[in-house]
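Structure first, then comments.
Excluded from the calculations below are hydrogen atoms, water molecules and symmetry mates; all remaining heavy atoms, backbone and side chain alike, are included.
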Amino acid sequence: MNQQYYCRVFGRGFIKLALFCLFMPIVTLAQANSTILVMGDSLSAEYGLLRGTGWVKLLEDQLQKQASPWIIFNASISGETSSGGLTRLPTLLKQKKPGIVFLELGANDALRGLSIDQTEKNLRKMIQMSKQSGAKVLLFGIQIPPNYGQDYTNRFKAMYPKLANQEGIELLPFFLKDIASQKEYFQTDNIHPNEKAQTFLFRNVWDAMSPYQNLLKSK
């Protein structure tokens with residue numbers, strides 16, 4: 001065996017190793033990205049509900065029913081604001097590497113009378129961070145009662161479609177569609193949806209996920 005033989009053998013082995021190393025990150029990335037990250041507040045954190053009865057669990061059940069490889073990581077926290085979500089998001093994106101991010105935030109900003117401009121700025125940063133990480137984004141539209149003043153109420157409502165349009169992401173126009181004016185679907189505080197309402201919330205989210213259906217079936 002001469003030097004040329006060893007060079008040929010080593011060369012073929014090196015090429016195989018290089019191809020293997022190139023392929024491994026792709027496989028890992030594809031597996032890691034089959035995660036839906038939910039960034040929400042009490043509306044998504046099962047506030048006042050029995051564990052496992054919220055709309056997020058109903059969505060998880062639906063994905064399992066259709067044998068989807070996707071899983072859900074619910075990072076929602078009761079009382080969360082857009083500022084709090086923005087602070088937590090970078091770490092969650094790095095750890096979970098989600099393929100889809102749900103942004104259900106802003107309601108607590110409004111309840112505290114915070115600046116709509118600041119809320120919009122925070123949500124925009126979260127959208128852009130998610131997109132830069134490679135994730136698709138579904139933004140949940142929230143509306144508030146008119147007692148906050150007509151101007152504030154209208155500007156808050158318009159903020160969500162504005163962001164979705166400018167950032168090129170999917171929008172659920174109104175998360176509480178079909179239940180917002182129905183008292184029987186709310187807990188005694190008249191703020192948080194009860195267990196009966198969760199099916200409606202799930203359906204609203206599922207309908208808004210229609211652009212992702214092919215993606216949800218893939219591995």
Side-chain angles (χ1 to χ4, degrees), residues 33 35-45 54-56 58-60 62-63 68 70 72-76 80-86 88-89 92-93 98-111 114-146 148 151-181 185 193 197-217:
N33 275 0
T35 299
I36 298 173
L37 173 64
V38 183
M39 297 292 296
D41 49 37
S42 56
L43 298 178
S44 301
W55 72 265
V56 176
L58 296 179
L59 175 58
E60 187 175 53
Q62 177 63 33
L63 292 174
S68 173
W70 285 67
I72 301 175
F73 185 83
N74 191 357
S76 302
E80 184 70 293
T81 61
S82 63
S83 177
L86 177 59
R88 294 192 298 125
L89 183 60
L92 287 165
L93 290 175
I100 301 174
V101 174
F102 288 172
L103 291 184
E104 182 273 296
L105 290 171
N108 287 311
D109 296 48
L111 290 175
L114 301 180
S115 164
I116 292 179
D117 289 339
Q118 186 60 52
T119 300
E120 180 179 326
K121 182 178 180 181
N122 292 339
L123 290 175
R124 189 182 299 277
K125 284 184 178 179
M126 293 183 74
I127 292 168
Q128 292 175 346
M129 283 182 183
S130 299
K131 289 166 58 179
Q132 288 168 3
S133 76
K136 297 181 182 299
V137 181
L138 174 60
L139 181 64
F140 289 40
I142 305 294
Q143 297 178 22
I144 57 176
Y148 286 84
D151 180 63
Y152 190 95
T153 301
N154 290 339
R155 287 182 59 213
F156 187 84
K157 177 181 178 181
M159 173 180 65
Y160 293 94
K162 174 185 176 183
L163 282 168
N165 181 60
Q166 292 180 345
E167 296 296 331
I169 61 172
E170 300 299 332
L171 173 70
L172 195 176
F174 185 29
F175 183 33
L176 301 183
K177 175 188 173 185
D178 297 328
I179 69 166
S181 60
Y185 291 118
Q198 301 307 307
T199 299
F200 290 90
L201 298 182
F202 157 68
R203 288 175 182 170
N204 292 341
V205 175
W206 188 248
D207 289 344
M209 291 176 67
S210 58
Y212 305 143
Q213 289 307 312
N214 288 334
L215 179 64
L216 295 174
K217 297 175 184 177

Going by ring pair (Phe, Tyr, Trp, His ring centres under 6.0 Å), Phe140 matches just one of Trp55, Phe174, Tyr160. Which one? Trp55
Can you find a pair of side-chain heavy atoms, one from [X] and one from [Y], that are under 4.5 Å apart?
{"X": "Leu105", "Y": "Leu86", "result": "no"}
{"X": "Met159", "Y": "Leu123", "result": "yes"}
{"X": "Glu104", "Y": "Val205", "result": "no"}
{"X": "Asn204", "Y": "Ile179", "result": "no"}
{"X": "Leu93", "Y": "Val101", "result": "yes"}
{"X": "Leu138", "Y": "Leu171", "result": "no"}
{"X": "Trp206", "Y": "Met209", "result": "yes"}
{"X": "Glu167", "Y": "Leu139", "result": "no"}

Rounded to the nearest 0.5 Å, how far apart are [atom1] of [X] and [atom2] of [Y]?
{"X": "Leu114", "Y": "Ser82", "atom1": "CG", "atom2": "OG", "result": "7.5 Å"}
{"X": "Leu172", "Y": "Ile142", "atom1": "CG", "atom2": "CD1", "result": "8.5 Å"}
{"X": "Met39", "Y": "Phe73", "atom1": "CE", "atom2": "CZ", "result": "9.5 Å"}
{"X": "Ile36", "Y": "Phe102", "atom1": "CD1", "atom2": "CZ", "result": "4.5 Å"}
{"X": "Met126", "Y": "Leu89", "atom1": "CE", "atom2": "CG", "result": "4.5 Å"}
{"X": "Lys131", "Y": "Ser133", "atom1": "NZ", "atom2": "OG", "result": "11.0 Å"}

Report yes or no: does [X] contribute a side-chain atom to a donor-acceptor pair with the main-chain N or O of [Y] at less than 3.5 Å?
{"X": "Asp109", "Y": "Thr119", "answer": "no"}
{"X": "Arg124", "Y": "Gln166", "answer": "no"}
{"X": "Asn108", "Y": "Thr81", "answer": "no"}

Take Tyr148 and Leu111 through the side-chain contact (heavy atoms from CB on, under 4.5 Å) test and state the conclusion after the steps. CA-CA 9 Å; Tyr148 286 84; Leu111 290 175; 2.9 Å; yes
What are the two closest heavy atoms between [X] and [Y], and how far apart are they?
{"X": "Val56", "Y": "Ser44", "value": "CG2-O, 3.7 Å"}
{"X": "Thr153", "Y": "Pro145", "value": "OG1-O, 3.3 Å"}
{"X": "Ile127", "Y": "Leu163", "value": "CD1-CB, 4.2 Å"}
{"X": "Phe156", "Y": "Ile116", "value": "N-CD1, 3.6 Å"}
{"X": "Ser76", "Y": "Asp41", "value": "CB-O, 3.7 Å"}
{"X": "Lys157", "Y": "Pro161", "value": "O-CD, 3.2 Å"}

Mind running side-chain contact (heavy atoms from CB on, under 4.5 Å) on Tyr152 and Ile144 for me, showing each step along the way? CA-CA 9 Å; Tyr152 190 95; Ile144 57 176; 3.5 Å; yes
Evaluate salt bridge (Lys or Arg N to Asp or Glu O under 4.0 Å) for Lys136 paired with Glu170, printing each intermediate quantity in order. CA-CA 8 Å; Lys136 297 181 182 299; Glu170 300 299 332; over 6 Å; no
Lys177, NZ atom: more than 12 neighbouring heavy atoms under 6.0 Å: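 For Lys177, atom NZ is not crowded (no more than 12 foreign heavy atoms under 6.0 Å).
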Let me see the working for Asp178 and Tyr185 under side-chain contact (heavy atoms from CB on, under 4.5 Å), right down to the final yes or no. CA-CA 10 Å; Asp178 297 328; Tyr185 291 118; over 6 Å; no
Under the criterion side-chain contact (heavy atoms from CB on, under 4.5 Å), I'd like the reasoning laid out for Leu216 against Ile100: C-alpha separation, chi angles, the key distance, then a yes or no. CA-CA 10 Å; Leu216 295 174; Ile100 301 174; 4.2 Å; yes
